[in-house]
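All values below were derived from every heavy atom in this structure, side-chain atoms included, with hydrogens, water molecules and symmetry-related copies excluded.
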Amino acid sequence: MQKSLRSISNLGPSIVWALLILKLLLTQSSELPRFPILFSIPHFDKIVHAILFGVWMATLLWASVKQFKSKEGWKIALLLVLVLGVSTELIQEFIVVTRHGSMMDLVADITGALVVLAVLNRPMKAMIME
């Protein structure tokens with residue numbers, strides 16, 4: 001029982017963040033808040049994608065290190081990022097009427113995850129050595 005509770009607490013932030021990503025990326029565009037100043041920044045939506053998926057990668061890596069004391073979880077984490085990224089873009093393209101899927105959004109998703117993976121590589125090793 002203790003182990004299952006610890007496992008849920010380790011994965012909790014990842015699950016919550018994945019749900020937030022789904023909510024933001026699959027909501028009708030007319031229902032999203034408007035920030036004209038931010039949207040005037042070139043490629044602002046790509047920055048948002050990179051941040052969303054980068055943070056998700058960080059939560060997945062943290063859960064992997066805490067749960068399994070291994071940094072090998074990055075492979076599964078990257079696969080999850082890829083699956084969620086592709087899925088959301090396909091759903092945007094074919095199901096959500098006011099949204100459009102974009103290959104560049106998918107590239108931003110993966111780039112955000114890879115940047116976080118590179119930045120957290122050394123801290124993950126240190127956490128495992130503790």
Side-chain angles (χ1 to χ4, degrees):
M1 177 81 163
Q2 282 284 13
K3 189 172 183 164
S4 64
L5 288 176
R6 191 169 50 245
S7 135
I8 290 170
S9 70
N10 290 337
L11 283 174
S14 299
I15 294 167
V16 169
W17 197 260
L19 293 173
L20 176 69
I21 289 173
L22 289 171
K23 173 68 175 155
L24 290 173
L25 296 184
L26 301 181
T27 297
Q28 298 285 340
S29 60
S30 59
E31 295 176 22
L32 292 173
R34 296 282 173 220
F35 300 104
I37 293 171
L38 293 177
F39 286 106
S40 67
I41 298 170
H43 308 292
F44 178 72
D45 64 318
K46 307 306 181 253
I47 296 167
V48 170
H49 275 264
I51 291 170
L52 286 173
F53 282 83
V55 170
W56 192 41
M57 176 61 108
T59 64
L60 290 168
L61 293 173
W62 180 82
S64 168
V65 169
K66 287 301 224 181
Q67 184 69 30
F68 304 109
K69 294 291 184 200
S70 168
K71 72 174 206 130
E72 294 302 311
W74 73 267
K75 297 169 188 171
I76 293 171
L78 194 57
L79 178 65
L80 288 171
V81 165
L82 182 62
V83 167
L84 186 64
V86 168
S87 299
T88 56
E89 293 309 316
L90 288 173
I91 292 169
Q92 283 180 348
E93 184 65 28
F94 296 111
I95 297 174
V96 182
V97 177
T98 62
R99 304 293 288 263
H100 299 286
S102 163
M103 182 60 79
M104 292 311 296
D105 285 350
L106 179 59
V107 169
D109 299 343
I110 295 167
T111 300
L114 289 174
V115 166
V116 166
L117 180 60
V119 168
L120 293 183
N121 188 34
R122 187 170 290 162
M124 286 186 336
K125 286 180 185 176
M127 284 176 65
I128 292 167
M129 297 299 183
E130 291 177 349

Rounding to 0.5 Å, atoms CG (Leu90) and CD (Gln92) come to a distance of 9.5 Å

On a heavy-atom basis, the closest approach of Leu26 and Val96 is O-CG2, 3.7 Å

On a heavy-atom basis, the closest approach of Leu25 and His49 is CD2-CE1, 3.6 Å

Hits for side-chain contact (heavy atoms from CB on, under 4.5 Å) against Ser102, two or more places apart or cross-chain, chain-then-number order -> Lys46, Glu89, Met104, Asp105

Is Val83 linked to Leu19 within one hydrophobic cluster, defined over Ile, Leu, Val, Met, Phe, Trp and Tyr using a side-chain heavy-atom separation of less than 4.5 Å? no

Exercise. Can Met103 be reached from Val86 by stepping across I, L, V, M, F, W or Y side chains whose heavy atoms are under 4.5 Å apart?
Worked result: yes

- Message: Starting from Leu22, can I reach Leu79 by hopping between I/L/V/M/F/W/Y residues whose side chains sit under 4.5 Å apart?
- Response: no

Val16 meets the side-chain contact (heavy atoms from CB on, under 4.5 Å) criterion, sequence neighbours left out, with none

> Is the shortest heavy-atom distance from the side chain of Gln67 to the side chain of Leu11 under 4.5 Å?
Replying inline: no

Shortest non-hydrogen pair, Gly85 vs Asp109, comes out as CA-OD2, 3.6 Å

Smallest heavy-atom separation, Met57 atom then Ala113 atom, equals CG-O, 3.6 Å

On a heavy-atom basis, the closest approach of Ile110 and Val81 is CA-CG1, 4.5 Å

side-chain hydrogen bond (donor to acceptor under 3.5 Å, both in side chains) pairs touching residues 54-64, sequence neighbours excluded, are Ser14-Thr59

Q | Minimum side-chain heavy-atom gap Phe53-Leu84 below 4.5 Å | A | yes

By side-chain contact (heavy atoms from CB on, under 4.5 Å), Ile76 pairs with (sequence neighbours left out) Leu80

The side-chain hydrogen bond (donor to acceptor under 3.5 Å, both in side chains) partners of Thr98 (sequence neighbours excluded) come to Gln28, Ser29

Those residues at least two apart in sequence (or on a different chain) that pass side-chain hydrogen bond (donor to acceptor under 3.5 Å, both in side chains) with Glu93 are none

Here the gap from Ile15 atom CD1 to Asn10 atom CG, rounded to the nearest 0.5 Å, amounts to 10.5 Å

Heavy-atom check, side chain of Leu24 versus side chain of Leu20, under 4.5 Å:
yes

Check: Does the side-chain contact (heavy atoms from CB on, under 4.5 Å) test come out yes or no for Leu52 and Trp17, once each step is laid out?
Finding: CA-CA 8 Å; Leu52 286 173; Trp17 197 260; 3.9 Å; yes

Between Met124 and Leu61, the two heavy atoms sitting closest are SD-CB, 3.6 Å

